[in-house]
Number of protein chains: 2
Amino acid sequence: MSEVAPLRTPRAATLRKQEHILRAAEQQFARFGFEGVSLETIAVNIGISRQNLLYYYPSKEQLYDAVLDDVLQSWLTGMARMAQHPDPTTAITEYVAAKLRFSQERPSGSAVFTREVMTGAPRYAGRLAEQVLPHLQADVRQFERWAREGLIQRVDFTHLMFLIWACTQAYADLAPQFALLLGKPALEPQDFTTAQSLITGLVLGRLKPNAS
Amino acid sequence: MSEVAPLRTPRAATLRKQEHILRAAEQQFARFGFEGVSLETIAVNIGISRQNLLYYYPSKEQLYDAVLDDVLQSWLTGMARMAQHPDPTTAITEYVAAKLRFSQERPSGSAVFTREVMTGAPRYAGRLAEQVLPHLQADVRQFERWAREGLIQRVDFTHLMFLIWACTQAYADLAPQFALLLGKPALEPQDFTTAQSLITGLVLGRLKPNAS
DNA sequence: GTCTATAAGCAGATAGAC
DNA sequence: GTCTATCTGCTTATAGAC
C-alpha cells in the first residue's frame, strides 16, 4: 500500500526530468527522424545514460509519441483561436503571427511533424484525423461565414489553410536553407517580421472583397 | 589496353541499372532520410542484393549524393527559365505551374531535398550555395527589373521566392497530410489545379501595380 | 533510480570465389 | 558482375547488482 503513492504522483524532479528528455528528443527527432535517432544520442545530449532514459520512457516509440503529442497541443490552440475572432483581418493576422512565432521559437516542433508526415504518418494518421481535422473544419466554417457576410472573397479555404501552414512552417523546417541563401548563419528576427507581413499581405490581398 | 574501354564507356545495361537504383534510392531517402534507410531495403526493392548495389555505388554516401545531384538539375532549369520571360504574369504563372508539376510527378525528389535541408544540409550546404544561389539572385534581379518598369509592386523578392517554394513543395512533402485531411487516399489532379490557381492568385494579387 | 553487463540483431563495408 | 562469407561497429532492449 505504501507503493501506491509514488506510482500515482511522480515527484517534481521526475516531471522535470521527463520534460528535459522530451525537449532533447524533440530536437533530435526533428533533425534525423524516428529511424535516424539513437536513444544514446538523446541521452548523452542531456548528460544521462541510455538505460536511465529507458527508465522514464520504456521504449523509443513511446518517447516519440510523447513528443508528437506535446507538439500537437501547441498547434491546436492556435487553430481554435482563429475560429473565435469575429473579424477576418484580425483573425488571420494573429493566426499567421502566432504560427510564425512558433516556427521561430520552437522550430523543432514543426520539423518533427513535417518528418512524420513525410514518411506517410504511419504512427500518427489516426490522431491527425481525430484531432486536427475538427479544428480545420471549424476554421473553414469560419471562413465560409465571413464570405457569406461579404467580409472576404470566396476561395477554396481548405487549400488556403494548407498554404498558410506551408508558408509558416517553412520558416521552421527550411530555415537553414533560407539562412544559407541569405548569407547568414541563422534567420534573424527581422526575417520573421518580413515573412509575417508578406504572408499576411498575400492572404489578405487575395481575400479583399473588392478585389477580383 | 583492352581494359580501358569498358571502364570509360559503361554499357547501356549498366546505365539502366544505375538509373534504376537511383530512382529506388530517391524514394527511400525521401521517406526515411539518409540515416533511416538501409542499403538492404533499397536493394531488395528492385530485386538485387545489397552487395550488388555496392558494386554500382561504392558507398551509401555516394549514392545519396548522386540522388541529390539528379534532383537538383530538375530544380535549376525551372529557376533559369523564369529569369528569361519578359512578362511577369506569364513568368510567375509558368514557374508555379512547373514547380507544382514537379511536386505532383516526382514528390520524392522534393522530399529528399527537404529532409536534407531539415538536418541542416550537412552534406549539401556547399552545392546549395554554389548552384542555387546564382539562380535565386538572377530571379530576384528579374523581379527588381519588373518593379523598376512599373510592372509589379515592390516587395522582398527573396522572401517571396522562399514562399513560392514553400507553397509548391508542400504539395509534395505534405501531400499525405493534405490527402488525409481531405478524406482521400491521395491528392488528385484537381487538388493540384486548385493549388495552382490559388498560389498564382496570391502572388499576382499582391504584385499587381495598382494594389496597395 | 541509476548503474554494469550483456543479449540479440542489423547496419555498412570488404575479401575473395566463380 | 554477382555471389557467399565475414568483419566491425552500433542499435534497442533486458537482467540484475547496488
Side-chain angles (χ1 to χ4, degrees), chain A residues 2-22 24-29 31-68 115 119 122-123, chain B residues 2-22 24-29 31-68 112 115-116 119 122-123:
Chain A
S2 60
E3 291 172 359
V4 176
L7 285 174
R8 284 171 183 270
T9 54
R11 296 183 315 187
T14 298
L15 288 175
R16 259 187 290 117
K17 197 157 188 178
Q18 282 181 328
E19 177 70 17
H20 200 182
I21 293 171
L22 215 58
E26 179 181 300
Q27 290 187 8
Q28 290 295 318
F29 284 134
R31 287 198 58 185
F32 303 108
F34 182 81
E35 297 88 353
V37 169
S38 72
L39 296 180
E40 178 79 18
T41 308
I42 298 172
V44 300
N45 205 288
I46 54 174
I48 68 173
S49 69
R50 176 180 75 260
Q51 296 86 342
N52 192 222
L53 189 157
L54 281 165
Y55 172 78
Y56 291 95
Y57 291 92
S59 77
K60 188 182 183 180
E61 189 128 11
Q62 286 179 51
L63 172 59
Y64 183 76
D65 279 1
V67 169
L68 277 176
R115 280 197 177 271
T119 73
R123 279 169 266 273
Chain B
S2 60
E3 291 171 358
V4 176
L7 284 174
R8 285 171 181 271
T9 55
R11 295 182 315 184
T14 298
L15 288 174
R16 258 185 291 118
K17 196 157 188 179
Q18 283 182 328
E19 176 70 18
H20 199 181
I21 294 171
L22 215 59
E26 179 181 299
Q27 291 186 8
Q28 290 295 318
F29 285 134
R31 286 198 58 187
F32 303 107
F34 182 80
E35 297 88 354
V37 169
S38 73
L39 296 179
E40 178 79 18
T41 307
I42 299 172
V44 301
N45 204 287
I46 55 175
I48 69 174
S49 69
R50 178 179 74 260
Q51 296 86 342
N52 191 222
L53 189 157
L54 280 165
Y55 172 78
Y56 290 96
Y57 292 93
S59 78
K60 188 183 185 180
E61 188 128 10
Q62 286 180 52
L63 172 59
Y64 184 76
D65 279 0
V67 168
L68 277 175
V112 175
R115 281 198 175 270
E116 172 68 13
T119 71
R123 277 169 267 273

Asks: With heavy atoms under 4.0 Å as the rule, sort B:Y57 into base, sugar-phosphate or nothing.
Replies: nothing

Asks: Distance-only criterion, 3.5 Å: show the donor-acceptor pairs between side-chain atoms of residues 36-44 of chain A and protein atoms not counting sequence neighbours.
Replies:
{"from": "A:S38", "atom 1": "OG", "to": "A:T41", "atom 2": "N", "distance (Å)": "3.1"}
{"from": "A:S38", "atom 1": "OG", "to": "A:T41", "atom 2": "OG1", "distance (Å)": "2.6"}
{"from": "A:E40", "atom 1": "OE1", "to": "A:R50", "atom 2": "NH1", "distance (Å)": "2.5"}

Asks: Given D:dC3, is OP1 or OP2 found less than 4.0 Å from the side-chain N or O atoms of B:S49?
Replies: yes

Asks: Roughly how many Å is it from CD in B:E35 to P in D:dC10, rounded to a whole number?
Replies: 15 Å

Asks: Can you find a side chain N or O atom of B:T14 that sits less than 4.0 Å from OP1 or OP2 on D:dG1?
Replies: yes

Asks: Please enumerate all residues that pass side-chain contact (heavy atoms from CB on, under 4.5 Å) together with B:L15, with sequence neighbours excluded.
Replies: B:P10, B:Q18

Asks: Rounding to an integer number of Å, can you tell me how far B:R16 CZ sits from D:dG1 C1'?
Replies: 15 Å

Asks: So what does B:L54 hit on the nucleic acid, given a heavy-atom distance under 4.0 Å: a base, only sugar-phosphate, or nothing?
Replies: base

Asks: Taking the side chain as everything from C-beta on, heavy atoms only, tell me whether B:Y64 gets closer than 4.5 Å to B:E116.
Replies: yes

Asks: Would you kindly give the CG-to-P distance between A:L53 and D:dT14, to the nearest whole Å?
Replies: 14 Å

Asks: Rounded to whole Å, please give me the gap between OH in B:Y56 and P in C:dG12.
Replies: 19 Å

Asks: Just to confirm, is there a sub-4.0 Å distance from OP1 or OP2 of D:dC10 to any side-chain nitrogen or oxygen of A:S38?
Replies: no

Asks: Hey, which sits more toward the 5' end of DNA chain C by its nearest nucleotide, B:L39 or A:N52?
Replies: A:N52

Asks: Would you kindly give the CZ-to-P distance between A:R50 and D:dC10, to the nearest whole Å?
Replies: 12 Å

Asks: Closest heavy-atom contact between B:R115 and A:T119?
Replies: NH2-CG2, 2.9 Å

Asks: Please give, in whole Å, the distance from D:dC18 P to A:Q51 CD?
Replies: 17 Å

Asks: Rounded to whole angstrom units, what separation is found between the CZ atom of B:F34 and the P atom of C:dA11?
Replies: 14 Å

Asks: Flag the pair A:R123 and A:E35 as a salt bridge only when some basic side-chain nitrogen lies within less than 4.0 angstrom of an acidic carboxylate oxygen.
Replies: yes

Asks: Starting at atom NZ of A:K60, determine the distance to atom P of D:dC10, rounded to an integer number of angstrom.
Replies: 16 Å

